[in-house]
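A quick write-up on the structure given underneath.
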Amino acid sequence: MSITLNDAIEFITLEADLLDYGQFKEWLSLYTPEGLYIVPIDPDATDYEKTLNYAYDNAEMRQNRVTRLLGGRAISAMPPARTVRMHGRYRMLEADETKCVVRCAQMLTELRQGRERYYSANVTFHLVKTDAGLKVDRKIVSLLTSTEALTAVSYIL
């Protein structure tokens with residue numbers, strides 16, 4: 001049986017909740033060992049390996065990012081931001097018994113140092129079914145303002 005849209009939405013909601021509550025170690029476990037977390041600059045890019053990105057994180061880079069966020073050493077992470085992510089407009093682009101591709105809209109609100117900022121993005125999740133449940137094989141966060149100046153981000157998009 002194919003992965004359903006409801007299965008994917010439940011997983012994407014879990015990921016957002018872990019990030020909003022700063023449960024970054026648990027968030028790391030949502031990825032496959034080969035999984036990539038990508039935040040491209042060019043909104044038309046498709047070959048992310050050959051273009052400049054805000055983030056192109058493999059497992060080691062995701063771990064390093066989490067270590068910086070939890071360690072308090074990154075100036076951009078002090079004080080830590082509080083975030084709320086809202087997802088909607090889910091669309092299953094591909095699905096079979098072992099993998100799926102889901103695209104959705106994300107609105108992220110950040111509160112840091114008394115200032116609210118908003119980031120809208122189209123997010124594409126490439127999910128795979130494993131013995132432990134769904135995992136992220138690729139997450140692409142296409143910020144609406146990707147070609148504009150990005151302020152210091154003290155969290156994971």
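Starting from 1, each residue takes its place in the sequence as its number.
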Taking Asn58 for the side chain and Glu60 for the main chain, is one N or O donor matched with an acceptor at less than 3.5 Å?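 Answer holds: yes.
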Begin with the C-alpha distance, continue with both residues' side-chain angles, and end with the deciding distance and a verdict on salt bridge (charged side-chain N to carboxylate O under 4.0 Å, His left out) for Glu15 and Lys139. CA-CA 11 Å; Glu15 190 223 20; Lys139 177 183 176 183; 2.8 Å; yes
On a heavy-atom basis, which atom in [X] and which in [Y] lie closest, and how many Å separate them?
X: Met1; Y: Lys129; value: O-NZ, 3.9 Å
X: Gln106; Y: Leu157; value: NE2-O, 3.1 Å
X: Ile3; Y: Thr98; value: CD1-C, 3.8 Å
X: Leu70; Y: Gly22; value: CD2-O, 4.5 Å

Please step through side chain to side chain contact (heavy atoms under 4.5 Å, CB included) for the pair Thr51 and Ile41, ending with a clear verdict. CA-CA 8 Å; Thr51 58; Ile41 294 172; over 6 Å; no
Could you give the distance from [atom1] ([X]) to [atom2] ([Y]), rounded to the nearest 0.5 Å?
X: Glu110; Y: Glu116; atom1: CD; atom2: CD; value: 9.5 Å
X: Arg138; Y: Glu34; atom1: CZ; atom2: CD; value: 12.0 Å
X: Asp44; Y: Ser146; atom1: CG; atom2: OG; value: 8.5 Å
X: Gln23; Y: Leu30; atom1: CD; atom2: CG; value: 10.5 Å
X: Met92; Y: Leu5; atom1: CE; atom2: CG; value: 5.0 Å
X: Leu69; Y: Arg65; atom1: CG; atom2: CZ; value: 7.5 Å

Would you say [Y] ends up clustered with [X] if hydrophobic residues are merged whenever their side chains have heavy atoms under 4.5 Å apart, either directly or through other cluster members?
X: Val136; Y: Ile156; answer: yes
X: Phe24; Y: Ile12; answer: yes
X: Val102; Y: Ile9; answer: yes
X: Leu108; Y: Phe11; answer: yes
X: Ile140; Y: Tyr90; answer: no

Could you work out, with ring pair (Phe, Tyr, Trp, His ring centres under 6.0 Å) as the rule, every residue matching Tyr31, not counting sequence neighbours?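 Tyr31: ring pair (Phe, Tyr, Trp, His ring centres under 6.0 Å) contacts with Trp27.
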For [X], look at atom [atom1] and say whether over 12 heavy atoms of other residues, nucleotides or ligands are found less than 6.0 Å away.
X: Tyr54; atom1: OH; value: yes
X: Lys99; atom1: NZ; value: no
X: Glu49; atom1: CD; value: no
X: Arg115; atom1: CZ; value: no
X: Glu26; atom1: CD; value: yes

Does any donor atom in the side chain of [X] or [Y] lie under 3.5 Å from an acceptor atom in the other side chain?
X: Asn6; Y: Thr4; value: no
X: Asp20; Y: Thr83; value: yes
X: Asp96; Y: Ser2; value: no

Can you tell if the side chain of [X] reaches within under 4.5 Å of the side chain of [Y], non-hydrogen atoms only?
X: Val141; Y: Val39; result: yes
X: Tyr56; Y: Leu36; result: yes
X: Asp42; Y: Thr147; result: no
X: Thr32; Y: Val128; result: yes
X: His87; Y: Cys104; result: yes

Partners of Arg62 by salt bridge (Lys or Arg N to Asp or Glu O under 4.0 Å), sequence neighbours excluded?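 Arg62 satisfies salt bridge (Lys or Arg N to Asp or Glu O under 4.0 Å) with no residue once adjacent residues are dropped.
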Checking Tyr119 against Met107 for the side chain to side chain contact (heavy atoms under 4.5 Å, CB included) test, could you report, in this order, the C-alpha distance in whole Å, the side-chain angles of both residues, the deciding distance, and whether it holds? CA-CA 6 Å; Tyr119 298 95; Met107 182 64 174; over 6 Å; no
Please say which of Leu134, Asp7, Asp137 ends up in a side chain to side chain contact (heavy atoms under 4.5 Å, CB included) with Leu127.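 By the side chain to side chain contact (heavy atoms under 4.5 Å, CB included) criterion, Leu127 pairs with just one of Leu134, Asp7, Asp137: Leu134.
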Test side chain to side chain contact (heavy atoms under 4.5 Å, CB included) on Phe125 and Cys100; report intermediate values, then the result. CA-CA 8 Å; Phe125 289 88; Cys100 71; over 6 Å; no
